[in-house]
Every structure is written in structure tokens, then in C-alpha cells.
Amino acid sequence: MGQPGPDHRPPRRRRASRHARHHRRTHRTNLRRVRRCLRERRRPDRRGVLRPAAFEQQRQRPDLLPVDLPRPRGGRAPARLHGPCAVQVRSIAPRPVLSHAPSPRSGGVLCSTRAARRSCRSRLGTFRARWHGDAKETVEMAWMKIKDAFKAPPGTELTVKGWVRTRRDSKADGGLSFVAVHDGTCFDPIQVVARSDLPNYEGEIARLNTGCSVEVDGVLVASQGKGQAVEIQATAVRVIGWVEDPDTYPVSNKRHSFEYLREVAHLRTRTNTFGAIARVRHTLACAIHRFFDERDFFYVHTPIITASDAEGAGQMFQVSTLDHMNLPRTPDGQVDYNEDFFARKAHLTVSGQLNVETYCCSLSRVYTFGPTFRAENSNTSRHLAEFWMIEPEIAFADLQDDAKLADEMVKYCIDAALTERPDDMRFFDERIEKGIIERLRAVVDKPMRILPYTDAVKILQDSGQKFEYRVQWGTDLQSEHERYLTEHHFKQPVALINYPKKIKAFYMRENDPGTDGAPDTTVAAMDLLVPGVGELIGGSQREERLEVLDRRIEEMGLVKEDYWWYRDLRRYGTVPHAGFGLGFERLVQFVTGMQNIRDVIPFPRAPRQAEF
RNA sequence: GCCCCGAUAGCUCAAUGGUAGAGCGAGCGGCUGUUAACCGCUAGGUUCCAGGUUCGAGCCCUGGUCGGGGCGCCA
């Protein structure tokens with residue numbers, strides 16, 4: 001705080017006078033605003049934003065009924081506690097807030113239907129007395145997740161546990177605080193109304209800050225204020241964990257940039273955005289497993305450490321237990337990997353595909369879903385060094401089957417997010433990418449576009465667009481080209497198929513000459529491009545003909561013997577088969593509208609980024 | 001890896017080479033069934049780091065660190 005000393009005084013005086021000038025100025029402006037508001041019979045708001053007069057009417061809604069909450073009166077209460085005891089009517093309004101008439105036996109009202117009464121009783125059956133720190137007997141009520149609390153009937157007694165989003169105070173009715181509490185189970189926090197007659201009101205409740213963890217006992221009631229349908233009238237608020245310095249709490253109740261939140265990845269999950277991302281990510285992961293399970297796919301756990309280099313391309317992370325400072329050497333000076341853990345050079349996997357193909361060629365339909373590692377020095381919003389990839393592989397299938405599978409899977413996932421997480425999706429629609437719900441719905445409804453690479457090149461060449469890189473058959477499409485196709489030309493996901501073989505991996509099946517009228521040989525590859533993300537899926541039909549595969553391995557300058565077990569699949573009962581890889585984080589990006597891939601994985605790994 | 005841009009209060013950002021400010025957040029007080037609340041006051045700074053130019057550097061120069069965007073690699 002302050003360090004008052006002779007040295008500091010002169011600058012302080014100067015600052016104070018400037019301060020004063022400024023405040024006189026803003027004060028005059030505010031006065032003008034307020035006077036205008038009064039003339040127009042409106043309520044003044046900050047920055048001159050005026051609220052409609054309806055606000056006042058809303059505040060005076062007569063149909064809301066204040067209630068008194070019972071406090072423990074010493075002695076044992078639990079045995080006598082049952083649903084209707086929880087609330088006492090203090091004053092009668094024309095229409096009670098709790099949806100049925102007071103019961104004479106209890107003098108209180110809680111549940112309107114038989115089912116709701118039953119539900120109350122069963123929850124209350126779990127009550128038990130508990131000795132609390134302040135030597136007062138309190139009641140532990142049924143702990144409910146906030147998502148369930150929102151669905152419970154008014155009058156339900158419950159406990160919620162979570163973290164404080166905001167606290168607002170009011171002096172009305174002798175003083176009360178509104179505490180927004182979230183526990184991550186749904187998008188919205190629940191509003192807890194804590195009255196000043198709670199024993200720890202002054203000392204604790206009125207000092208709650210964003211980030212504090214609390215347990216709240218109370219009764220669910222229809223809200224008197226607008227902005228939420230229900231709220232909790234608290235009978236007890238227990239502070240579990242304080243925020244030690246609210247001034248430096250990294251995710252205070254305000255807007256933060258995603259760049260900043262990346263630096264506090266351990267706390268960013270408490271924000272509404274990252275909570276929503278986590279839930280949608282979970283829903284998508286579950287949807288993927290469900291999608292495959294419903295279609296008789298088996299989930300195969302392919303190895304994370306591998307000695308094979310799946311595609312002969314791409315930087316890999318090396319896995320070694322050798323002492324870097326004292327490496328064993330062979331006589332010719334090379335590192336002697338015979339001394340290493342696996343007695344050979346080993347890496348983190350860049351793809352489970354080659355392994356999962358073996359299961360495909362025996363279990364027919366399989367998939368992997370696991371972490372994948374690329375040591376490329378990629379600095380983009382769509383690349384990670386560690387990401388999760390889904391790789392299905394289907395036997396007795398060609399590229400058309402593969403594309404169909406990709407189409408169905410993407411649609412299934414989108415539909416799951418839209419139907420299972422409407423609250424989170426509404427948030428993404430309003431705050432992250434306007435209109436995303438509609439666009440996703442359109443993806444589900446429309447048939448997927450499938451377009452040969454050769455035709456795509458023609459479209460681009462005839463587009464009249466100025467591209468930084470010239471479009472030319474035989475070269476890989478640049479991301480500006482892909483974006484033009486999916487974001488401008490088709491305005492929907494597009495699967496490009498049958499790429500020139502020179503730009504694709506050795507295991508992709510060679511097409512017959514002249515396929516799609518292409519000038520040179522193509523392979524049965526498929527890339528699914530989606531707006532905003534680019535390549536969501538990369539896949540192919542696999543080369544099942546041994547002699548063609550061997551030729552391709554040779555052409556690529558690879559060593560046949562390294563792939564001996566992969567080649568065996570072609571020697572013993574080979575079948576046409578196909579598969580693809582879907583970058584899970586890119587799917588999450590596509591569904592949420594988040595722009596940077598580092599924000600859709602809990603703890604991003606990228607070049608120079610592995611803090612958490 | 002290449003090309004651009006940036007780094008100033010807890011956060012988001014201002015500030016011709018000449019006395020470092022605002023909004024939000026925080027603390028205190030006022031008002032209020034509140035909800036991006038509002039009003040007043042207060043505190044809060046090694047202007048990323050190391051050098052250099054200058055009477056004087058947040059600003060100009062050099063080097064570094066970190067972050068962002070685009071491209072490449074891909075999923």
C-alpha cells in the first residue's frame with residue numbers, strides 16, 4: 001500500500017489535483033445525464049445507457065412472495081424436517097410464488113405435484129445432523145449439481161457447492177447479497193440470495209469475491225428478479241476457500257483476452273467460455289465413441305511409443321532413456337541405440353493408422369482415439385505438438401465408403417453437441433461466432449460435397465480470384481485455395497478426393513489411369529475441408545496390392561524391410577480397406593467457433609509452450 | 001522454419017522525444033431484489049530485459065526474451 005514519505009509528496013499533490021479536475025468534469029457530465037434521464041422518466045445507467053421504464057414495473061411485481069427461511073433453533077431438527085417445513089409464508093400476496101397453497105400442517109408451501117412432493121421426501125431422507133465448526137448444529141441437505149438444481153421443483157431444499165462468479169449487494173429488505181455460484185455442470189451459474197440475518201453475513205458472505213469456493217444450503221424458489229427463473233434462498237453459506245488476494249486473482253469477473261487466459265490455463269476453466277469448451281469437448285468425445293459403438297466398430301488402443309515412422313514424413317519426438325550428457329557410441333561415432341531402452345530408436349506416435357490397420361484386417365471395423373505427437377515447428381492457430389486424433393479403419397471398403405463414414409460421423413458429432421449442450425452452444429452462438437448454430441445445423445441437413453481434386457483445380461483456376469500462389473495440377477493446394485473452396489465457393493464442408501500421387505503418402509491406393517480425367521496418376525486420398533478450420537479430416541483408401549505398395553515404398557525412398565509387418569497384411573488375405581484421421585481439436589474448433597486450437601485443448605503443447 | 005505486429009497498473013488499452021493516464025477489476029463509503037448495476041473516494045507503475053543515441057527515452061537505434069497474426073508442415 002502507501003509509502004507516505006517526504007519524497008513522495010510533491011508528485012502526489014500534482015496527481016491529486018489532476019484527479020480532481022477530471023472528476024469535476026465527469027461529475028458534470030453525469031449530472032447532465034441524470035437530469036436528462038429524469039426528464040424522460042428513465043432510470044440512468046452507466047455511460048448514459050438508459051433503461052426502459054418497464055424496469056421499474058418489473059421491480060414492483062406484486063405476484064412475488066417474500067419468504068422467511070427457518071434457522072436452526074438449537075436442538076435437533078433433522079428428524080422433524082420434511083418437505084413442507086422448509087419455508088414459512090411471511091406475507092400473503094395475490095398469487096403465491098410457490099406454486100400451491102400453504103399446508104395447514106406445516107404453515108409452508110413447497111411442492112405442487114405429488115411427484116415433486118415425493119422427490120422432496122426422498123432427498124430429505126438423506127438429511128443428517130452435522131456438528132459444524134461454529135458449534136452450531138446445522139443440517140446437511142442433499143447436494144445437488146447446479147444443472148439439476150435448475151430442473152428441481154420450486155421448494156426443493158438443497159445444497160450446492162461451487163465457486164463464486166459474482167457478488168452483488170443490496171440494502172433492500174434489511175440487506176442481502178446476490179451470489180452467482182457455478183460448479184461447471186452447466187453453463188449458467190445459479191443465483192444464491194443471502195440475507196443479512198445469516199450469522200456469517202457481515203464477516204464472510206459480504207466479503208465473498210469472484211473465485212471463492214462455497215457450500216450453500218437453501219431452498220429453491222422462483223426468482224423475484226428478472227434474469228433468472230429460479231434462485232436459492234440461502235439458509236447457510238459456508239466459505240470453503242477464500243481468494244487470498246482478490247486484486248491479483250487472475251480470472252476476476254471481467255473480460256479477459258484468450259491470449260492472457262492461456263497464461264493462466266489452470267484457472268481459465270472457471271470462465272464461462274472455457275467451461276463451455278470443456279463440456280462440449282466431452283460431449284463430442286462421448287459422441288464419437290457412441291457413433292462407432294452403434295456401428296459395430298471396436299475401439300483399439302494403438303501404441304503411443306512406436307519404432308515405426310508411420311508416413312515417412314514429419315518430425316517426431318524421440319523417446320529415450322539414454323543420458324544426453326554421456327551418449328553411448330558405436331565404433332563409427334554414431335549414437336548406439338542398442339543401449340537405449342527399446343534397443344532401437346523410438347518415438348512418440350504420429351499416427352495409429354498402421355497399427356490399427358492390422359486390427360481392421362481381422363475385426364473389420366475399428367478405430368483409435370488417442371493422443372498424437374508432432375514435433376514440427378508449427379506456429380499456427382490450427383496446429384499442436386500434442387493433439388488427439390480419431391482414426392477409423394474399415395475393411396472391404398473403398399474411398400466412397402470412407403467419405404460416407406466421415407460425413408456421417410461429423411454430422412453425428414455436430415448433432416450431439418447441438419442437442420446435448422444447447423446452453424453452451426447458445427453461448428458460442430452469441431459470443432464466439434455469431435450464427436454458428438444455424439451453420440452447423442445446415443451442415444447436418446445438407447448432403448456432403450465430394451469433389452475430385454482435378455475439378456477443384458479447375459474451379460480455382462476459373463474463379464478469377466487473385467491467389468498468392470498459382471493453382472496448378474500436381475501441386476498441393478495452399479490454405480488460401482482450400483479456404484476459398486469451402487468458405488466462399490461452396491460455403492460448406494467439401495471432401496476433396498483423388499489427389500496426385502506425388503504429393504501423398506505411400507500407403508494410399510493408386511487409382512486407375514485417367515480417373516477424373518486427371519493428367520497424371522492419382523491416389524484414392526480424401527481431405528475434408530471445413531470453413532474456419534481448413535483440413536478437418538485426411539484419409540484414403542489403402543493400397544492393398546503388395547506389388548504396388550512395394551513400388552510406392554521404393555519410389556518414396558523408404559526401406560521395405562521396415563514395413564515388414566505392414567506388408568504381411570497384403571501377403572496374407574489382403575482386402576480393400578480405407579480409413580481417415582480426424583483431428584479432434586479441429587472438430588472442437590469447428591463446433592465451438594473458437595479461433596485458436598490452443599483454446600480447445602485443456603493444456604496446449606506447442607513450440608515453446610508446455611508450462612502446465 | 002519464414003514474414004509481419006505487439007509488450008505501459010491485476011486485466012484491456014491511451015500517452016509529437018519533455019510532469020505516465022483512462023475504463024474495468026480491487027479496497028472503503030453511498031444507493032439499490034441485484035444481475036456488464038450505479039455514484040463518490042482511495043490504493044495500485046523498475047513502461048518486458050540489457051545496452052546505445054540525447055540536455056532529456058514509454059516513444060529513436062542494437063541485441064535478447066515472451067506473446068499474437070499470416071505462411072509452410074499437417075489432423
Side-chain angles (χ1 to χ4, degrees), chain A residues 1-3 10-12 14-16 18-20 22-23 26-27 30-31 33-34 43-47 49 51 55 58-61 64 66 165-173 175-180 189 191 193 195 207 209-210 223-228 231 243 245-264 311 313-315 350-351 353 372 374-384 387-391 468-469 476 478-480 505 527-528 533-539 580-587 589 595-598 607-609:
Chain A
M1 286 282 176
Q3 314 167 338
R12 266 189 175 187
R14 274 203 301 278
R15 188 157 64 199
R18 268 201 306 281
H19 232 97
H22 167 77
H23 283 297
T26 52
H27 183 61
N30 285 328
L31 270 181
R33 278 179 191 157
V34 168
R43 183 189 174 85
D45 197 350
R46 192 165 113 247
R47 294 178 194 169
V49 178
R51 290 165 189 236
F55 179 81
Q58 168 70 28
R59 284 180 50 202
Q60 291 160 14
R61 274 173 57 183
L64 299 176
R165 264 276 159 68
T166 60
R167 192 202 81 234
R168 295 177 294 275
D169 304 321
S170 171
K171 287 283 158 60
D173 294 345
L176 54 149
S177 287
F178 301 93
V179 187
Q191 174 159 286
V193 182
R195 296 186 169 276
R207 296 181 182 190
N209 290 109
T210 305
S223 178
Q224 291 182 40
K226 62 176 177 181
Q228 60 281 318
E231 65 194 16
V243 167
D245 183 1
D247 200 36
T248 60
Y249 181 57
V251 289
S252 60
N253 181 40
K254 62 184 294 301
R255 272 205 294 264
H256 295 287
S257 65
F258 293 138
E259 292 82 11
Y260 166 71
L261 288 171
R262 240 167 263 154
E263 292 167 16
V264 287
E311 317 199 7
Q315 291 286 103
V350 293
S351 165
Q353 181 200 317
T372 312
R374 304 273 165 96
E376 269 115 26
N377 191 7
S378 298
N379 293 292
T380 79
S381 57
R382 0 174 255 294
H383 287 87
L384 288 165
F387 63 100
W388 288 66
M389 188 154 67
I390 298 117
E391 296 177 284
E468 194 179 335
Y469 293 90
D476 217 350
Q478 303 289 315
S479 68
E480 57 174 342
D527 281 0
L528 179 68
V533 175
E535 186 177 339
L536 177 65
I537 285 176
F580 61 80
L582 181 148
F584 184 55
E585 282 74 21
R586 290 186 182 178
L587 177 67
Q589 270 190 285
Q595 302 221 319
N596 196 312
I597 200 166
R598 298 173 192 196
R608 303 173 158 280
Q609 190 163 38

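Every chain is numbered from 1, with letters handed out A, B, ... down the list of sequences.
- Following rounding to the nearest Å, A:Lys171 (NZ) and B:C39 (C1') show an atom-to-atom distance of 13 Å.
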Practice task
Might you work through the side chain to side chain donor-acceptor pair (under 3.5 Å) test for A:Gln595 and A:Ser381, ending with a clear yes or no?
Solution key: CA-CA 7 Å; A:Gln595 302 221 319; A:Ser381 57; over 6 Å; no

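- Taking 4.0 Å as the cut-off between side-chain N and carboxylate O, A:Lys171 and A:Asp169 do not count as a salt-bridged pair.
- For the OP1/OP2 pair of B:G10 and a distance below 4.0 Å, the side-chain nitrogens and oxygens of A:Ser252 include no atom meeting the criterion.
- Remark: the separation of the C1' atoms in B:C2 and B:C24 is 39 Å, to the nearest Å.
- The separation of B:A57 from B:A15, taken at their C1' atoms, amounts to 14 Å, rounded to a whole angstrom.
- With C1' as the reference atom, B:G45 and B:G1 are 38 Å apart, rounded to whole Å.
- Under the 3.5 Å distance criterion, the side-chain polar atoms of A:Thr210 are left unmatched by any main-chain donor or acceptor of A:Thr166.
- Shown here are the salt bridge (Lys or Arg N to Asp or Glu O under 4.0 Å) partners of A:Glu585, two or more places apart in sequence or in another chain: A:Arg281.
- Looking at heavy-atom distances under 4.0 Å, A:Phe580 makes no contact with the nucleic acid at all.
- Note: CD (A:Glu480) to C1' (B:G70) measures 11 Å, nearest angstrom.
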Protein-nucleotides 66-69 of chain B N/O pairs under 3.5 Å:
| residue | atom | partner | partner atom | Å |
| --- | --- | --- | --- | --- |
| B:C66 | OP1 | A:Arg608 | NH1 | 2.6 |
| B:C66 | OP2 | A:Arg608 | NH1 | 3.0 |
| B:G68 | OP1 | A:Arg262 | NH1 | 2.6 |
| B:G69 | OP1 | A:Asn596 | ND2 | 3.0 |
| B:G69 | OP2 | A:Asn596 | ND2 | 3.4 |

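- As a whole-Å value, the separation of A:Gln589 CD from B:A75 P is 15 Å.
- Between A:Glu535 atom CD and B:G72 atom P the separation is 12 Å, expressed in whole Å.
- Taking atom C1' on both B:A20 and B:A9, the two are 11 Å apart, rounded to the nearest angstrom.
- Here B:U34 is the nucleotide among B:A26, B:G10, B:U34 with the atom lying nearest to any side-chain atom of A:Glu231.
- The residue among A:Pro246 and A:Gln478 whose nearest nucleotide of RNA chain B is located toward the 5' end is A:Pro246.
- When the salt bridge (Lys or Arg N to Asp or Glu O under 4.0 Å) test is applied to A:Asp247, no partner is found at least two apart in sequence or on another chain.
- Atom P of nucleotide B:A26 and atom CG of A:Asp169 are separated by 11 Å, given to the nearest angstrom.
- A residue-by-residue look at A:Tyr260 and A:Asp527 shows that A:Tyr260 has its nearest nucleotide of RNA chain B further toward the 5' end.
- With a 4.5 Å cut-off on side-chain heavy atoms, A:Leu587 and A:Leu536 count as touching.
- For B:G63 and B:A22, the C1' atoms lie 34 Å apart once the distance is rounded to whole Å.
- For the C1' atoms, the distance linking B:U16 with B:G58 amounts to 14 Å, nearest Å.
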Practice task
Give RNA chain B the dot-bracket treatment, 5' to 3': Watson-Crick (N1-N3 with N6-O4 or O6-N4) or G-U (N1-O2, O6-N3) under 3.5 Å, [ ] crossing, | other strand.
Solution key: (((((((..((((....[..)))).(((((.......))))).....(((((..]....))))))))))))....

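- Summarising the geometry, the separation between CZ on A:Arg167 and C1' on B:A36 is reported as 16 Å, rounded to the nearest angstrom.
- Take A:Pro246 and apply the side chain to side chain contact (heavy atoms under 4.5 Å, CB included) test, not counting sequence neighbours, and it matches A:Asn209.
- Residues forming a salt bridge (Lys or Arg N to Asp or Glu O under 4.0 Å) with A:Arg382 (at least two apart in sequence, or on another chain): none.
- In terms of the side chain to side chain donor-acceptor pair (under 3.5 Å) criterion, A:Glu535 has no residue partners (sequence neighbours excluded).
- A:Phe387 qualifies as a stacking partner of the B:A75 base, centre to centre under 5.5 Å and near-parallel within 30°.
- Residue contacts for A:Ile537: at a heavy-atom cut-off of 4.0 Å it reaches the sugar-phosphate backbone alone, with no base atom in range.
- Contacts of A:Ser257 with the nucleic acid, taken as non-hydrogen atoms under 4.0 Å apart, involve only primed sugar atoms and P, OP1 or OP2.
- The interatomic distance linking A:Tyr249 (OH) with B:G25 (P) rounds to 16 Å, in whole Å.
- In terms of phosphate contacts, A:Ser170 brings a side-chain nitrogen or oxygen within less than 4.0 Å of OP1 or OP2 of B:G33.
- A:Ile390 comes within contact range of no nucleotide atom at all, as no heavy-atom separation falls under 4.0 Å.
- By the side chain to side chain donor-acceptor pair (under 3.5 Å) test, A:Glu259 pairs with no residue at all, sequence neighbours left out.
- Checking B:U34, B:G27, B:C71 against the side-chain heavy atoms of A:Tyr469 singles out B:C71 as nearest.
- The salt bridge (Lys or Arg N to Asp or Glu O under 4.0 Å) search around A:Arg598 returns none, not counting sequence neighbours.
- In terms of polar N and O atoms assigned as donor or acceptor, the side chain of A:Gln228 comes within less than 3.5 Å of the base of B:U34 in a complementary pairing.
- The shortest distance between the side-chain N/O atoms of A:Gln191 and the OP1/OP2 oxygens of B:U34 is not below 4.0 Å.
- Across the P atoms, B:U8 and B:C49 are found 10 Å apart, a figure rounded to whole Å.
- Separation of the C1' atoms belonging to B:G56 and B:G29 is 43 Å when rounded to the nearest angstrom.
- For the residue pair A:Thr372 / A:Arg374, no side-chain donor-acceptor distance below 3.5 Å is found, with atom types taken as modelled.
- Regarding A:Asp247, its CG atom lies at a distance of 9 Å from the C1' atom of B:A43, rounded to whole Å.
- Within the structure, a side-chain polar atom (N or O) of A:Ser479 is placed less than 4.0 Å from OP1 or OP2 of B:G72.
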